[in-house]
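Data first, discussion second: the structure below is written as C-alpha cells.
Just so we're on the same page: letters track the sequence lines, and every chain starts at 1.
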Amino acid sequence: MADMTDLHVPEKPSLDGLEDKWIAVWDEQGTYRFDRSKSREEIYSIDTPPITASGSLHVGHVFSYTHTDLVARYQRMRGREVFYPMGWDDNGLPSERRVQNYYGVRCDPSLHYDPNFRPPAGGEGKATRPQDQIPISRQNFVELCDQLTAEDEKAYADVWRRLALSVDWSDPYRTIDRRSTAISQKAFLRNLARGEAYQAEAPSLWDTTFRTAVAQAELEDRERPGAYHRIAFHKADGPVYIETTRPELLPACVALVAHPDDERYQPLFGTTVRTPLFAAEVPVVAHHLAEPDKGSGIAMICTFGDLTDVTWWRELQLPTRAIVGMDGRLLPDPPAGVDAAAYARIAGKTVHSAREEVVAMLRESGEMEGDPKPITHPVKFYEKGDKPLEIVTTRQWYIRNGGRDTTIRDALVGRGREIDFHPAHMRVRYEHWVEGLTGDWLISRQRFFGVPFPVWYALDDEGNPDHDKPITPDESALPVDPSSDAPPGYDESQRGKPGGFIGDPDVMDTWATSSLSPQIAGGWTFDDDLFGRVFPMDLRPQGQDIIRTWLFSTVVRSHFEFGTVPWNNAGISGWILDPDRKKMSKSKGAVVTPISLFEEFGSDAVRYWSASARLGTDAAFDTGQMKIGRRLAIKLLNASKFALGLGVTQPDLSAVTHPLDRALLVRLADVVETATLAFDRYDHTRALEATETFFWTFCDDYVELVKERAYGERGEAQQASAKATLAIALHVQLRLFAPFLPFVTEEVWSWWQEGSVHRAEWPTLADVAVDEGEARLLGLVGDALSQVRKAKSEAKVSMRTDVASVVISADNDAVALLQSAGDDLRSAGRIADLQFATAGDGELAVRVTL
RNA sequence: GGUCCUAUAGCUCAGUUGGCUAGAGCGCGUCGCUUACAACGACGAGGUCGCAGGUUCGAGCCCUGCUGGGACCACCA
C-alpha cells in the first residue's frame with residue numbers, strides 16, 4: 001500500500017502540456033506496442049482504414065478515427081492484446097494529382113528516366129493545365145509521388161499522435177510500398193490462376209480527362225443541361241423520327257429500337273432505315289428495354305452512347321461503329337458504312353464541338369425537326385472527374401464479384417450476413433449494392449502511380465501481343481514492374497521486338513490493393529505466424545460512403561482467398577455536418593484544422609465530442625460539445641486532486657462501512673456494468689454517458705457530503721470508510737474514462753498509481769463489491785441536500801450560510817435510510833438541527849428554516 | 001421509381017423489451033468568490049415528443065398513412 005510520500009499531486013493541476021508529456025512517455029514506454037506472442041483468442045485485431053494522405057486531415061477523420069480508438073482502448077483494458085496498425089493509402093489518383101499540382105509536372109510515359117531530375121520547389125500556384133506542366137518520365141513521376149506522400153504522411157501521423165490514437169507506430173504500412181505491392185500482385189495472380197480474375201475486351205466507361213477506365217463503384221450521376229433533338233431517319237415511304245440528346249453519335253448508330261409490343265413500330269421491325277447525314281443502312285429491332293412513352297418511343301442504338309446501348313448491342317448482336325477515341329475526340333476515320341465526306345466535317349473534334357457541327361449539318365439538310373428542346377438530365381461521371389464519361393471499347397482486367405454470376409453473388413450476400421454491422425441497418429447498404437451489381441469489378445486503370453499488373457505478353461513474329469496467354473512471374477519474384485523487369489525466359493533486349501515480349505502497361509485501381517488491407521497489415525505470406533494471429537480480424541472501422549467499395553471489395557478478396565469473412569464486426573461512422581446540416585468536408589467547415597481544435601480545446605475535449613456521437617449517426621460540428629469535454633477534463637483534475645489531497649491512499653473495500661459509501665459503490669457497480677455492456681455492443685456513447693452522469697453526482701453530491709467525515713471529524717472508522725470509498729471511486733472512474741480522455745486520466749493515474757492507466761484492467765464488479773448497500777440512499781440524500789440549497793438560493797444567501805433547522809418528511813423506509821446518513825447531510829448543509837418526520841404519502845418533503 | 005436513416009426544450013442530443021408528473025448538457029434567468037474547481041458552483045424557467053389515424057388498461061416508443069430533413073440506388077433514347 002502506498003503512503004503519502006507516493007503521491008505526486010500538483011498544487012495547481014492543469015491541462016497545459018499534458019499532451020506532449022504523455023505522447024512522449026507512451027512512445028518511450030511502448031504503451032501501445034503489440035505483443036505478437038499472444039494467441040488469436042487473446043488478440044483483438046483492427047483493420048484500420050489506410051488513409052489517403054494527399055491533402056490534409058479534416059475533422060471528419062478525427063471523428064471516425066476516435067471511434068476506433070475508443071474500441072481499441074477498451075479492448076486493451078479488457079485484457080485483449082490489441083493489434084491496431086496504421087496504414088497509408090498512398091497509391092492511386094489522389095497522389096498523382098497532388099504531385100501534379102504541387103510541383104506543376106505531368107507524367108509522360110514516353111520519356112526516359114532522368115536520374116538528375118530535380119523538381120521545382122513545391123507549393124501553391126503551380127501550372128494546372130497539362131500544356132503548362134513539365135513533362136517527366138513515369139519513374140521520375142512515381143518517385144515524386146513517393147516522396148511527397150511520405151512527407152504528407154508525417155504530418156498526418158503528428159495529428160494522430162496528438163489525438164492519442166493508441167496505434168502501434170512501429171511498422172506503418174503504405175499501399176505503395178514494396179510489400180503491399182507484392183501482396184497485391186500475389187493476390188491478383190492467385191485470382192487469375194483460379195479464374196476469378198480475367199481479361200476482356202469490352203465497352204467500358206471511360207474518363208477522357210484521366211484517360212482511364214473506371215469501375216461501377218466509382219460512378220456518380222450529376223444533373224447536366226442537355227437537349228432533345230428530333231431527327232428524321234429515312235425509309236422508302238417517309239421519315240421515322242427519333243429523339244436524342246447526343247446527335248453527334250449519329251455516325252455511330254447501328255440500329256433503331258422500339259418495344260416489341262409497340263403498335264406504331266410493328267411494321268418496321270425487320271426492315272432497315274437510312275441514317276441522316278451519314279447514309280448508313282441500319283435495321284429496326286425490337287427489345288423490351290425500349291420505352292414506348294419516352295421521346296418518340298423509338299431510339300437509336302449507338303456504339304456507344306450509354307450502358308443501355310451496350311446491353312442492346314450485346315443482346316441483339318449488333319455491329320460496332322466506334323467513333324469516340326480515348327482522348328474524347330472523334331476518331332479520324334469513319335466507321336464502315338458511314339459517308340466519308342460527311343464524317344470528315346467532325347473527325348478529330350471533341351464530342352462537344354462535334355455535337356454543334358452535327359446540329360449545324362442537320363439544320364442545313366433539314367433533317368432535324370424544330371429546335372432542340374432543352375432539358376436537364378443525369379449524366380454519369382467518374383466521381384473524381386469533371387467531364388462526362390464516354391464508353392470506349394478497351395481491353396481491361398476484371399475480378400468476379402457476382403455482377404454476372406448469381407452463385408457468387410449469393411455467396412457474397414451470405415458473407416455479409418456473417419458480419420455484425422454497427423449499426424445493424426448498415427448491412428442493408430451492402431446487400432443492396434451486391435444485389436444491384438450489373439457487371440464484374442473492373443480493376444485496371446490506364447494510370448502510372450499504382451501497383452502494376454504482374455503480367456507480360458509474348459509478341460508473335462509480326463510483333464502482335466498474345467493477350468490470351470499472359471506470362472506471369474513466380475510469386476517469389478514479386479514485386480515486379482513489367483515495364484522495367486523482363487519476364488521469365490526473356491531478357492530485356494527482347495522488349496517490344498517480334499518474337500519478344502511487352503509488359504502490361506496498366507496499374508491496378510487503388511481499391512484492388514486497399515481491398516487487401518487485412519492481408520497487408522497482417523503480413524500475409526510474409527509473416528504467416530503474425531497473420532494467423534490476427535486474421536480474420538475483429539473489427540473493420542470505416543465510413544458509410546465506402547461500403548460499396550472498400551468494405552465490399554475486401555469481402556470479395558477474402559472470400560476468394562480464404563473462404564471466410566475478413567472480420568467479424570464492421571463499425572460504421574457517420575458524417576460530420578456543419579451548422580447548415582451539410583456534409584462538413586464539402587463546406588467551409590473543412591478549413592477548421594484538427595490541430596487548431598486541439599490547441600483551442602485540448603485533444604481530450606475533441607475526443608469527447610467525437611465520442612458523444614453514436615456509430616452510424618451523423619453529428620454536428622459542435623465546439624460547444626468540445627468546451628464541455630474540456631470542462632470535464634479539468635473537473636477530473638480538480639476532483640482527483642481534492643480526493644487525493646484528503647490523504648486518500650489505495651482502494652480497500654474492507655474499510656467501507658458507512659451506508660452512504662456503500663450506496664455510492666452500489667451505484668458505481670451499476671455504472672461499471674452498463675459501460676461494459678455498452679462497449680461490448682459498440683455503443684461507446686452510452687458508456688460515456690453513464691460514466692459522466694455518475695461522475696457529476698459523485699462531485700456535486702457525494703464529495704460534498706463526505707468532506708467533513710473525510711477530514712476525520714467523526715472518528716477514524718468513519719474517516720477510513722470515506723477515504724477508502726473516495727479511492728475506490730476514483731480508481732474505477734479513471735479507468736472508465738480512460739478510453740475517452742486518455743491524457744487527463746493518465747495524468748491523474750500517475751499521481752498515485754504505478755504504470756499506465758491504459759494498460760490497467762477494465763473495472764469489474766469485483767472492484768466495487770460491497771456486502772449490502774442501498775443505491776437509493778444516494779438519491780435521497782442528494783434530493784434533500786438539493787432542497788436545502790434551493791432554500792439558500794431563494795433566500796439569496798451563500799451556500800455556506802448556516803441553517804437553523806431542517807425537517808424532512810418521507811415514508812418509513814426513506815426516513816430510516818436518510819437517518820443513516822444524517823451526519824453527512826447535516827455537515828454538508830450546515831444544518832444545526834436536523835429532524836425527520838414520517839409522511840404517509842411517501843413524498844420527500846423538506847422544510848428549511850434559515 | 002425503389003431503399004435506408006431521421007423528426008423529443010431556443011441549440012446538440014438521451015429516452016433500453018410500451019409502464020408513475022418526458023431527461024441531460026449548452027444557452028437563458030437568479031444567486032453565490034465556499035481553501036478541489038470563478039476556465040467554478042448552486043438554484044430555476046423552458047417541451048400538446050412532426051401531423052393524422054390505429055392497436056392497447058396504458059404509446060415518445062408498436063402498426064398504417066401523410067409531411068419535413070439527410071443519404072444511397074435506379075432512371076440517361
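- Between the NZ atom of A:Lys627 and the C1' atom of B:rA39 there is a distance of 11 Å, rounded to whole Å.
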Review item, nucleotides 31-33 of chain B N/O atoms under 3.5 Å of protein N/O:
none

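- Among the protein residues, A:Glu689 comes within range of the sugar-phosphate backbone only, with heavy atoms under 4.0 Å from sugar or phosphate atoms but none that close to a base.
- Environment of CZ in A:Arg264: crowded, with over 12 heavy atoms of neighbouring residues, nucleotides or ligands closer than 6.0 Å.
- Below 30°, between 30° and 60°, or above 60°: for A:Trp749 and A:His731 the angle between ring planes is below 30°, a parallel geometry.
- Using a 4.0 Å cutoff on non-hydrogen atoms, the parts of residues 695-706 of chain A near RNA chain B are A:Trp696, A:Cys699, A:Asp700, A:Glu704, ordered by number.
- Using a 4.0 Å heavy-atom distance criterion, A:Tyr711 is classed as a sugar-phosphate-only contact.
- Within the nucleic acid shown, A:Arg630 comes within 4.0 Å of at least one base atom, counting heavy atoms only.
- Residue A:Ser612 is out of contact with every strand shown, counting any heavy-atom pair closer than 4.0 Å.
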Fill in the blank from the handout: Whether each nucleotide of nucleotides 4-9 of chain B has a protein heavy atom under 4.0 Å at its base (B), only at its sugar-phosphate (S) or at neither (-) is summarised, 5' to 3', as SS----

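- Among the atoms of the strands shown, base atoms are found under 4.0 Å from some heavy atom of A:Ala290.
- Residues passing the ring pair (Phe, Tyr, Trp, His ring centres under 6.0 Å) test with A:Phe740 are A:Phe679, sequence neighbours excluded.
- Across the C1' atoms, B:rC31 and B:rG68 are found 42 Å apart, a figure rounded to whole Å.
- Among the protein residues, A:Ile628 comes within range of the sugar-phosphate backbone only, with heavy atoms under 4.0 Å from sugar or phosphate atoms but none that close to a base.
- Listed for the A:Thr676 side chain is a donor-acceptor partner under 3.5 Å among the backbone atoms of A:Val672.
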Pick out the pairs of N or O atoms, protein on one side and nucleotides 44-47 of chain B on the other, that lie under 3.5 Å.
none

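- Helical stems involving RNA chain B, defined as 3 or more consecutive Watson-Crick or G-U pairs under 3.5 Å, span B:1-7 with B:67-73, B:10-13 with B:23-26, B:28-32 with B:40-44, B:50-54 with B:62-66.
- Note: A:Phe694 and A:Phe698 have parallel aromatic rings, judged against thresholds of 30 and 60 degrees for the angle between ring planes.
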